[in-house]
Amino acid sequence: MGIDASDRRRLLRLALLVCVLFGALLVQFFRLQVVQEERWQHEAELQHQLVVVEPARRGTFYSNTSLRMAHPEEPQPLAIDVQKAHLHVDCAAIPPELRREVVEQLAQLLEAPSEEQAQWLAHLEKRSRSRRLVMWLDMQTQGRVRSWWHSYARSHKLATNGLFFVSDYQRCYPYGGMLGQVLHTIRGLKDDHGAAVPTGGLELSLNKYLSGVPGKRRIIRSLHAPLDITTIKQPLHGADVYLTINHYIQAILEEELQKGVARANAKGGRAVLMDCNTGEIWGLAEYPFFDVSHYADYFGDPVRLDATRVHSISDASEMGSIMKPITLAIALEANEELRRSGKPPLFDPDKVVATHPQSFPGRRKLMRDTHDHPFLNMDLAVQKSSNVYLSKVAQGIMERMGPNWWRKQLVEGFGLGQPTRIELPGESIGLVPEPGKLHSNGALQWSGPTPYALALGHSLQVTNLQVVRAYAILANGGHWVDPSLVRRIVRRNHEGETELLFDKARGSQALGRRVISKASADRIRRSIKYTTKPGGTAAQGDIPGYTEGGKTGTAEKVIDGQYAQRIHLSTFVGIAPANIPRFVLLVTIDEPEYKVVAGVGKLHHASWCAAPVFREMAKRVLAYLGVPPDDPAGYPVGDPRRAGEADWAAETKALKSLYEQHNHAK
């Protein structure tokens with residue numbers, strides 16, 4: 001029986017349909033296997049392969065443990081990265097009916113509050129292969145979670161990699177909040193590229209050294225567990241920073257500063273201790289402290305935000321009377337310059353001159369001292385902190401040397417109004433008036449009264465660190481110093497070899513360029529030794545068993561363009577030991593309580609609120625350094641360690657006799 005024409009047509013159509021379908025299948029096969037190969041290969045890899053970032057460890061900050069040469073110490077980390085991990089979940093691996101049970105058991109294991117459990121449940125509802133549930137789990141906690149999950153997953157026939165950990169490093173602080181404003185920290189969450197985000201301080205300014213380069217790992221996994229882990233790129237860890245700060249000295253400064261602020265019922269305080277020969281800062285304290293472990297609490301509070309700044313470099317203010325020794329050092333330099341030109345000196349520091357209240361050119365009011373001292377020489381003027389004597393010196397500088405010469409000495413000689421280039425962000429330059437230049441309000445920076453104001457530490461703006469540098473020049477015999485916080489920076493490569501990226505000692509000289517003559521520096525250092533002796537303005541700053549010299553300054557703060565008569569910055573800056581200086585130490589008490597006590601005096605004065613803090617800090621630091629007492633008899637009367645006559649006692653008695661001879665003191 002043959003096939004009729006209609007059947008042949010049907011068979012032909014069927015054959016054509018099969019050919020079309022087969023052709024379409026070939027086309028689809030070609031499209032998937034050839035044209036879209038890379039796409040589907042990528043999709044397959046997403047299901048079976050995972051490339052994860054291998055985080056780089058951030059560099060460590062180390063304390064300076066080299067100061068006690070006779071007792072070497074191991075390097076002490078101040079900020080270090082500790083390896084931890086974040087707990088992630090593969091949402092598709094947890095069936096809907098088990099999600100609440102998983103969350104409840106996990107919460108019980110991690111002691112998580114109910115609010116956090118609700119967030120975990122919300123994460124599990126997402127269509128994601130990786131949702132982060134918990135951050136910063138330590139190794140012990142990871143072990144507990146992993147042990148529970150593997151047992152739970154096996155019993156419920158779940159993928160063991162349904163919960164997994166992603167390694168990361170967390171910034172930790174072995175000494176707690178010590179040096180908080182200087183170091184700062186990094187944010188808890190990194191940026192989109194996995195890089196740390198510093199909040200400020202050295203973490204920010206040295207970020208290019210501290211940051212490492214993350215690596216990569218490829219994980220090939222099955223449904224239930226990883227099959228292979230391959231390192232694609234090794235991470236390069238960040239460089240370690242060795243600071244000039246010593247952790248023991250820093251602890252002393254912070255402890256004593258907190259006590260001093262509490263005694264003065266003050267708003268806050270600052271302290272800077274610097275090696276006067278090298279410029280290395282051994283301690284820098286700011287109170288209130290900044291606890292970097294809870295940084296978000298500070299940045300979220302406008303009041304507490306102020307505690308995150310290093311006021312010693314960011315705040316410029318008037319110096320007050322701590323300027324007087326610098327003015328006198330400049331005057332002594334003028335003497336030497338005039339002598340070299342064959343001209344008579346500007347003044348004789350040993351000559352007693354009249355210092356009763358008197359007028360000066362350009363001033364409408366009489367210049368007077370806080371206490372009446374009719375006749376003084378330079379040593380007495382420093383000891384009594386005479387305004388009139390310094391104004392007479394200022395008048396001589398103006399008449400003989402001129403304003404431009406004077407400003408050059410302040411700026412280029414002592415570095416006032418110039419950046420110290422310390423390794424911290426946010427440094428203020430300050431302001432030293434310039435003849436012929438205008439302020440932003442249109443007033444002349446340098447006018448008739450300016451020289452006398454400058455001589456007394458007014459009409460200029462300087463930072464605490466600039467003051468410390470200026471006094472270091474007086475302490476080391478007249479040489480320039482550059483303040484620094486960093487000694488060296490070292491990176492270790494993949495092979496464990498070290499690379500020195502920065503070394504302050506390399507190529508540096510023992511002392512910087514000469515700023516003033518040794519004779520001028522030594523003469524001023526001799527004068528400021530009287531300040532802490534009987535009759536001086538800072539007897540409370542006398543260090544038992546050691547020599548010291550320094551100067552007080554109690555400056556009214558400028559608020560809304562006006563001097564606030566009851567709000568002060570009280571400062572004492574001193575050198576110890578004075579005979580062979582090791583360091584300069586500045587202590588500022590910010591807004592001490594304005595209080596007058598009968599028989600004692602004004603407690604907001606630096607002599608009462610700042611000088612005693614200097615004494616306690618310096619005493620403890622000298623003992624830590626192992627510096628032998630250079631004034632064995634320099635203990636209070638009645639102290640069993642007192643033997644013989646203290647250093648500078650004869651000179652102090654002679655100065656007192658000179659004072660009484662000219663001022664008829666009874």
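Ring geometry for Tyr152 versus His156: interplanar angle under 30°, hence parallel rather than tilted (30 to 60°).
Shortest non-hydrogen contact noted between Ser205 and Leu424 is OG-CA, 4.3 Å. Nearest heavy-atom pair, Pro77 versus Thr60, reported as atom, atom and distance to 0.1 Å: CB-CG2, 3.9 Å. Nearest heavy atom pair, residue Arg270 against residue Asn464, reads CD-ND2, 3.6 Å. Between Cys91 and His123 the shortest heavy-atom distance is SG-O, 3.3 Å. Among all heavy-atom pairs drawn from Thr308 and His184, the shortest one is O-NE2, 2.8 Å. Nearest heavy-atom pair, Leu257 versus Ala271, reported as atom, atom and distance to 0.1 Å: CD2-N, 4.2 Å.
Residues Asn476 and Val481 meet the side-chain proximity criterion, which asks for heavy atoms closer than 4.5 Å. Counting heavy atoms from C-beta outward, Leu158 and Trp149 have side chains that approach closer than 4.5 Å. Contact of the Trp136 side chain with the His86 side chain is registered, since non-hydrogen atoms from C-beta on lie closer than 4.5 Å. The side-chain heavy atoms of Leu202 and Val241, taken from C-beta on, include no pair separated by under 4.5 Å. In this structure, the side chains of Lys84 and Thr141 stay at 4.5 Å or more apart for every pair of heavy atoms. Two residues are said to be in side-chain contact when any heavy atoms from C-beta on lie closer than 4.5 Å; Glu499 and Asn493 fail this criterion. For the pair Val573 and Leu585, the minimum side-chain heavy-atom distance is 4.5 Å or more. Using a 4.5 Å heavy-atom threshold, the side chains of Arg99 and Glu125 count as touching.
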Test log, rule side-chain hydrogen bond (donor to acceptor under 3.5 Å, both in side chains), inputs Arg309 and Ser314: CA-CA 7 Å; Arg309 296 192 297 118; Ser314 66; 2.8 Å; yes

Evaluation steps, side-chain hydrogen bond (donor to acceptor under 3.5 Å, both in side chains), between Gln76 and Thr65: CA-CA 7 Å; Gln76 295 294 314; Thr65 54; over 6 Å; no

Pair Glu203-Val292, side-chain contact (heavy atoms from CB on, under 4.5 Å): steps then yes or no: CA-CA 11 Å; Glu203 290 279 13; Val292 294; over 6 Å; no

Verdict with supporting geometry, Arg582 and Leu625, side-chain contact (heavy atoms from CB on, under 4.5 Å): CA-CA 10 Å; Arg582 288 291 303 275; Leu625 294 174; 4.2 Å; yes

Chi angles and distances behind the side-chain contact (heavy atoms from CB on, under 4.5 Å) call for Gln466, Thr420: CA-CA 7 Å; Gln466 289 174 349; Thr420 65; 4.0 Å; yes

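For Tyr248, the ring-ring contact (aromatic ring centres under 6.0 Å, His included) partners at least two apart in sequence or on another chain are Tyr624. The side-chain contact (heavy atoms from CB on, under 4.5 Å) search around Phe502 returns Val486, Ile489, Lys504, not counting sequence neighbours. Among residues two or more places apart in sequence or in another chain, the salt bridge (charged side-chain N to carboxylate O under 4.0 Å, His left out) test is passed with Glu427 by none. Not counting sequence neighbours, the partners of Tyr242 by the ring-ring contact (aromatic ring centres under 6.0 Å, His included) test are Tyr62. In this structure Leu106 satisfies the side-chain contact (heavy atoms from CB on, under 4.5 Å) test together with Leu87, Leu110, Trp120, Leu133, Val145, Trp148, sequence neighbours excluded. For Thr571, the side-chain contact (heavy atoms from CB on, under 4.5 Å) criterion is met by Ile322, Leu586, Thr588, not counting sequence neighbours. Remark: Tyr175 pairs with His247 by the ring-ring contact (aromatic ring centres under 6.0 Å, His included) rule, at least two apart or across chains. Listed by chain and number, the residues in a ring-ring contact (aromatic ring centres under 6.0 Å, His included) with Phe572 are Phe614 (sequence neighbours excluded). For Arg487, the side-chain contact (heavy atoms from CB on, under 4.5 Å) criterion is met by Asn64, Ser66, Thr244, Glu280, not counting sequence neighbours. Remark: Gln181 engages no residue in a side-chain hydrogen bond (donor to acceptor under 3.5 Å, both in side chains) (not counting sequence neighbours). Residues satisfying the salt bridge (charged side-chain N to carboxylate O under 4.0 Å, His left out) criterion with Asp301, sequence neighbours excluded, are absent altogether.
A donor-acceptor pair under 3.5 Å is formed between the side chain of Arg469 and the backbone N or O of Gly415. Formation of a donor-acceptor pair under 3.5 Å by the Asp81 side chain with backbone atoms of Arg57 is not found in this model. Put simply, the side chain of Gln445 gets close to the backbone of Glu434: a donor and an acceptor are under 3.5 Å apart. Formation of a donor-acceptor pair under 3.5 Å by the Trp480 side chain with backbone atoms of Ile473 is not found in this model. Side-chain N or O atoms of Ser312 include none that pairs as donor or acceptor with a backbone N or O of Leu465 at under 3.5 Å.
The CG atom of Leu284 sits 8.5 Å away from atom CG of Leu253, with the distance rounded to the nearest 0.5 Å. Between the CD atom of Glu254 and the CD atom of Glu286 there is a distance of 10.0 Å, given to the nearest 0.5 Å. Atom CG in Asp291 sits 12.5 Å away from atom CE in Met178 (nearest 0.5 Å). Atom CZ in Arg171 sits 6.0 Å away from atom CG in Leu210 (nearest 0.5 Å). In this structure, the separation between CG on Leu485 and CD1 on Ile422 is 4.0 Å, given to the nearest 0.5 Å. For the atom pair CG of Leu78 and CD of Gln250, the computed distance is 8.5 Å after rounding to the nearest 0.5 Å.
Atom CZ of Arg187 sits in a sparse spot, with 12 or fewer heavy atoms from other residues, nucleotides or ligands closer than 6.0 Å. Within 6.0 Å of CG in Asp560 there are 12 or fewer heavy atoms belonging to other residues, nucleotides or ligands. With a 6.0 Å radius and a threshold of 12 heavy atoms from other residues, nucleotides or ligands, Gln108 has its CD atom at or below the threshold.
Paired with Lys557 under the rule side-chain hydrogen bond (donor to acceptor under 3.5 Å, both in side chains), one option of Glu591, Gln562, Glu318, His568 passes, and it is Glu591.
The ring pair (Phe, Tyr, Trp, His ring centres under 6.0 Å) analysis of residues 294-315, with sequence neighbours excluded, yields the pairs Phe290-Tyr298.
Under the 3.5 Å distance criterion, with hydrogens and angles disregarded, no donor-acceptor pair is assigned to the side chains of Glu115 and Gln119.
Residues Arg620 and Glu616 are not paired through a salt bridge, judged by the lack of any N-O separation under 4.0 Å between the basic side chain and the carboxylate. Under 4.0 Å is where a charged nitrogen must lie from a carboxylate oxygen, and between Asp240 and Arg491 no such pair does.
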